[in-house]
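Note sheet for the following structure.
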Amino acid sequence: MRIVIKIGTSTLAHQTGHLNIRRVEEICKVISDVKNAGHQVILVSSGAIGMGIGKLGLPGRPDDIPTKQASAAVGQCELMYTYDKLFSEYNHTVGQLLITGADIENEVRHTNFSNTINRLIQLDAIPIINENDTVATDEIVIGDNDTLAAIVAKSVSADLLIVMSDIDGLYTADPHKDLNATLIHTVTAVDDRISALAGTNGTKLGTGGMITKLKAAKICMDSGCDMVITNGENPLNIYDILDNKPIGTRFIAKAD
Ligand code: GLU
């Protein structure tokens with residue numbers, strides 16, 4: 001299977017913006033194992049801005065663009081250093097791709113980045129993708145990595161996108177506010193009823209929230225790729241998802 005795994009900032013970093021070492025180590029171990037089992041894996045990793053905030057000792061997520069971009073420049077190094085180090089322990093090689101909306105819009109650039117991902121996979125490396133936050137301004141920004149991950153999944157004809165988040169999946173109501181909220185295990189269409197279930201919130205350090213995840217699910221389903229939202233707290237969930245166990249919320253791809 002060709003699998004895209006999106007890792008959110010809240011999965012990678014503590015609230016402080018510093019690396020959640022135990023979590024990241026577990027994730028890299030599971031992904032290495034999944035790869036050893038013969039699957040192709042592409043990572044879309046957030047965390048550049050969040051980790052930059054931590055490393056630069058900023059009090060919180062900055063509002064101004066230059067500070068966000070400076071944070072991303074610092075945090076992206078930390079991210080790739082960490083992935084390179086941890087995947088090397090399991091004999092896996094990583095490659096970094098940083099892209100913006102302009103690379104998606106422009107057909108030639110889009111083909112180029114898809115080709116690079118495909119070549120990295122042929123070479124048995126793990127492509128690790130993030131938005132190029134240091135240069136992405138309003139006109140060219142993709143804006144969130146849920147959407148970016150879905151675009152990547154579509155571009156390289158992935159079979160599955162796993163979105164690792166700080167929530168178990170899509171609920172019938174906001175589980176932080178409503179004790180009766182229950183997890184929805186399977187979604188076959190992102191219709192008005194499902195869209196109405198998305199709140200608005202992202203986290204203190206990250207960007208997403210359920211709205212961007214539903215948008216991502218729609219892109220995936222329309223392009224023949226399943227998407228699963230799962231809680232990044234337990235990286236072992238990845239094994240169960242690949243075994244088709246009812247973990248998180250699975251959005252089923254439209255049949256051709
Ligand atoms: N590209 C952003 C970062 O690395 C994250 C965007 C997102 O989480 O949706 O900080």
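The shown structure was predicted, so the numbers you read here are calculated from the model rather than taken from an experiment. Counting convention: from 1, in listed order, for ligands and their atoms alike. We number each residue from 1, following the sequence as shown.
The shell of residues lying under 4.0 angstrom from ligand 1, judged by heavy atoms, excludes G8.
With respect to D124 and K35, a salt bridge is recorded, a charged nitrogen being found less than 4.0 Å from a carboxylate O. Ion pairing of D146 with K215 is absent here, as no side-chain N (NZ or NE/NH1/NH2) approaches a carboxylate O to less than 4.0 Å.
Between D144 and ligand 1, a contact under 3.5 Å exists for no N or O pair. Geometrically, ligand 1 and N145 share a nitrogen or oxygen pair separated by less than 3.5 Å. Remark: ligand 1 and E131 share no N or O pair separated by less than 3.5 Å (distance only, no angle test). Polar contact check, G143 against ligand 1: no nitrogen or oxygen pair lies under 3.5 Å apart.
Of all atoms in ligand 1, listed by their number and element, those nearer than 4.0 Å to a heavy atom of S46 are 4 (O), 5 (C), 7 (C), 8 (O). In the vicinity of G47, heavy-atom distances shorter than 4.0 Å reach the ligand 1 atoms 3 (C), 4 (O), 10 (O).
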Run T82 and M80 through side chain to side chain contact (heavy atoms under 4.5 Å, CB included) and show every step you take. CA-CA 5 Å; T82 305; M80 288 313 294; over 6 Å; no
Would you sort out whether R250 and D226 count as a salt bridge (Lys or Arg N to Asp or Glu O under 4.0 Å), showing the intermediate values? CA-CA 7 Å; R250 185 179 281 258; D226 276 11; 3.0 Å; yes
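For D192, the CG atom sits in a loose shell: 12 or fewer heavy atoms of surrounding residues, nucleotides or ligands are nearer than 6.0 Å.
Looking at I129, I49, L12 and measuring to atom 10 (O) of ligand 1, the nearest heavy atom belongs to I49.
A donor-acceptor pair is defined here as one N or O able to donate and one able to accept, closer than 3.5 Å; such a pair exists between the side chain of T9 and the backbone of G47.
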